[in-house]
Amino acid sequence: MASSEDYLIYGRHPILEALKEEKPFEKLLVQKPTTAPELKQIITLANAAGIPVQFVPLQKLNSITRKNHQGVIGYASVLTYYLIEDILEKVYADGRTPLFLILDQITDVRNFGAIARSAECLGADAIVVPAKGSALLSGDAMKASAGALNKVPICKVRFLTDAIDFFNLNGIQVYSSDVKGGKPLSQCDFTVPVAVILGSEEKGVSPSVAAKANARFYIPMIGELDSLNVSVSAGIVLYEVQRQRTIPA
């Protein structure tokens, strides 16, 4: 299984050429301060393509590779990303009830991989992630998913709020997880077309994202701790969706 290093592109000219050819990147790391004209051109092209750019000190770049990176390193995408509208059209054409998973601020690669594995096993049609603030979908993520990332479509969007607006306009019920309120998971109606938002264990779902949801839910717990690992939560939620859809009332 390939690791993150296998997907590195470094050096100003190689990255410039890759950007001009519209090669997809997960993100770019650029040395600060940035003065070289080529680096400024790289930043301009990356911003236009919606590719996250992170400014880091030279020591950070050197810790990733000792080769001649010339102040810029790119992480090439290991996946092909899909458009939400294309996935939705295919789901309806196949005669299925849509099920989307929206991940907000899930940055841990192992959690992301485990969620993807549950999504594949439990019939999610796609996972929606933001262009910024999501786990780096590298070879490490592929390994953590046990190959599920090759099977579950990933939709990368600039803003999750725009994706939720799209779902609302197309009759998709959007539920947001919330440890502090909402209705118990089992009381949500998942027999209709749905998109479920899950947030990080530390921050939960962003307020601006949660505000766009149609309803909130929580997973009832009887222990003293008040939260589950997000990948465990994903498995529980997806199982409940399929339980409602496959077991007659």
Q: If only atom types and distance count, is the side chain of Gln242 paired as donor or acceptor with the main-chain N or O of Leu122 below 3.5 Å?
A: yes

Q: With a 4.5 Å cut-off on side-chain heavy atoms, are Gln41 and Leu19 touching?
A: no

Q: Could you tell me which non-hydrogen atom of Leu228 sits nearest to which non-hydrogen atom of Ser233, and how far apart they are?
A: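 Reported closest heavy-atom pair: CB-OG, 3.5 Å.
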
Q: Within a strict 4.5 Å, meaning less than it, do heavy atoms of the Val194 and Leu99 side chains meet?
A: yes

Q: If you look at every heavy atom in Arg158 and Gly50, which pair is closest and at what distance?
A: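 So the minimum-distance heavy-atom pair works out to NH2-CA, 3.2 Å.
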
Q: Near Phe55 CZ, under 6.0 Å, is it more than 12 heavy atoms from other residues, nucleotides or ligands?
A: yes

Q: Is it the case that over 12 heavy atoms from other parts of the model lie below 6.0 angstrom from the NZ atom of Lys23?
A: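 Not more than 12 within 6.0 Å, no.
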
Q: Report the distance from atom CG of Leu29 to atom OG1 of Thr65, rounding to the nearest 0.5 Å.
A: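 Taking CG in Leu29 and OG1 in Thr65, the distance rounds to 11.5 Å.
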
Q: Considering only heavy atoms from C-beta outward, does the side chain of Ile64 approach that of Tyr75 to under 4.5 Å?
A: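 Yes - at least one pair of side-chain heavy atoms lies under 4.5 Å apart.
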
Q: Test of understanding: clusters of I, L, V, M, F, W, Y form through side-chain heavy atoms closer than 4.5 Å, transitively. Do Leu45 and Ile42 belong to the same one?
A: yes

Q: Pick one: which of Leu185, Asp189, Asn214, Val237 meets side chain to side chain contact (heavy atoms under 4.5 Å, CB included) with Tyr175?
A: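 When Leu185, Asp189, Asn214, Val237 are each tested with Tyr175, the side chain to side chain contact (heavy atoms under 4.5 Å, CB included) holds only for Asp189.
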
Q: Could you check whether any side-chain heavy atom of Pro57 comes within less than 4.5 Å of a side-chain heavy atom of Lys32, counting everything from C-beta outward?
A: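 Yes - at least one pair of side-chain heavy atoms lies under 4.5 Å apart.
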
Q: Do you know the tightest heavy-atom contact between Ala114 and Ser231?
A: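 Reported closest heavy-atom pair: CB-CB, 3.6 Å.
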
Q: Do Leu103 and Ser134 touch side chain to side chain, with heavy atoms closer than 4.5 Å?
A: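 They are not in contact (no side-chain heavy atoms under 4.5 Å apart), so the answer is no.
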
Q: Output, in order, the C-alpha distance, side-chain angles, deciding distance and verdict of side chain to side chain contact (heavy atoms under 4.5 Å, CB included) for Leu61 and Tyr10.
A: CA-CA 10 Å; Leu61 297 175; Tyr10 45 83; over 6 Å; no

Q: Rounded to the nearest 0.5 Å, what separation is found between the CZ atom of Phe217 and the CD atom of Gln187?
A: 13.0 Å

Q: Under the side chain to side chain donor-acceptor pair (under 3.5 Å) rule, collect the residues that match up with Asn47, sequence neighbours excluded.
A: none

Q: Could you tell me the separation between the CD1 atom of Ile154 and the OH atom of Tyr81, rounded to the nearest 0.5 Å?
A: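 Going from the CD1 atom of Ile154 to the OH atom of Tyr81 covers 7.5 Å.
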
Q: Between Leu79 and Ile106, is there shared hydrophobic-cluster membership here, with clusters defined by ILVMFWY side-chain heavy atoms closer than 4.5 Å?
A: yes

Q: For Val192, is there any backbone N or O sitting under 3.5 Å from a side-chain donor or acceptor partner on Arg245?
A: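 The answer is yes, because a donor-acceptor pair under 3.5 Å joins these two groups.
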
Q: State, to 0.1 Å, how close Gln244 and Cys188 come at their nearest heavy-atom pair, and which atoms those are.
A: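 Closest heavy-atom pair between Gln244 and Cys188: NE2-O, 2.9 Å.
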
Q: Is a donor on one side and an acceptor on the other found under 3.5 Å between the side chain of Gln105 and the backbone of Ser200?
A: no

Q: Is it the case that one hydrophobic cluster holds both Ile9 and Ile43, taking links as side-chain heavy atoms less than 4.5 Å apart, direct or via other members?
A: yes

Q: Please check this pair: side chain of Arg12 against backbone of Ala36, looking for a donor-acceptor N/O pair closer than 3.5 Å.
A: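 Side chain of Arg12 to backbone of Ala36: no pair is present.
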
Q: Side-chain heavy atoms under 4.5 Å apart, restricted to Ile/Leu/Val/Met/Phe/Trp/Tyr: what other residues fall into the cluster of Val205, or is it alone?
A: Tyr82, Ile84, Ile87, Leu88, Val91, Tyr92, Phe100, Ile102, Val128, Val157, Leu160, Ile164, Phe166, Phe167, Ile172, Val174, Ile197, Val209

Q: Please report the shortest heavy-atom distance between Leu238 and Ala124, naming the atom on each side.
A: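 Result for this residue pair: CD2-CB, 4.3 Å.
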
Q: Taking all atoms of both residues into account, what is the closest heavy-atom pair of Ala46 and Leu28, and its distance?
A: CB-CD1, 3.7 Å

Q: Same cluster or not: Ile73 versus Val53, using hydrophobic residues (I, L, V, M, F, W, Y) connected whenever any side-chain heavy atoms lie under 4.5 Å apart?
A: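 Different hydrophobic clusters.
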
Q: Taking the side chain as every heavy atom from C-beta outward, state whether Pro184 and Tyr218 have any atom pair closer than 4.5 Å.
A: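 Result yes, sub-4.5 Å side-chain heavy-atom pair found.
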
Q: Can you tell me how far apart CG (Leu16) and CG (Leu39) are? Round to the nearest 0.5 Å.
A: 8.5 Å

Q: According to the salt bridge (charged side-chain N to carboxylate O under 4.0 Å, His left out) rule, which pairs have a member within residues 89-109, sequence neighbours left out?
A: Lys90-Asp94, Asp94-Arg96, Arg96-Asp125, Asp108-Arg110

Q: Hey, could you give me the NZ/OG distance between Lys156 and Ser77, rounded to the nearest 0.5 Å?
A: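 Going from the NZ atom of Lys156 to the OG atom of Ser77 covers 5.0 Å.
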
Q: Distance check, rounded to the nearest 0.5 Å: Ile127 atom CD1 versus Leu101 atom CG?
A: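 Taking CD1 in Ile127 and CG in Leu101, the distance rounds to 5.5 Å.
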
Q: Verify side chain to side chain contact (heavy atoms under 4.5 Å, CB included) between His69 and Leu58, making sure each step is shown before the conclusion.
A: CA-CA 10 Å; His69 52 69; Leu58 177 62; 3.6 Å; yes

Q: Going by distance alone, is a donor N or O of one side chain under 3.5 Å from an acceptor N or O of the other, for Asp178 and Ser176?
A: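 Ser176 and Asp178 do not have a side-chain donor-acceptor pair below 3.5 Å.
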
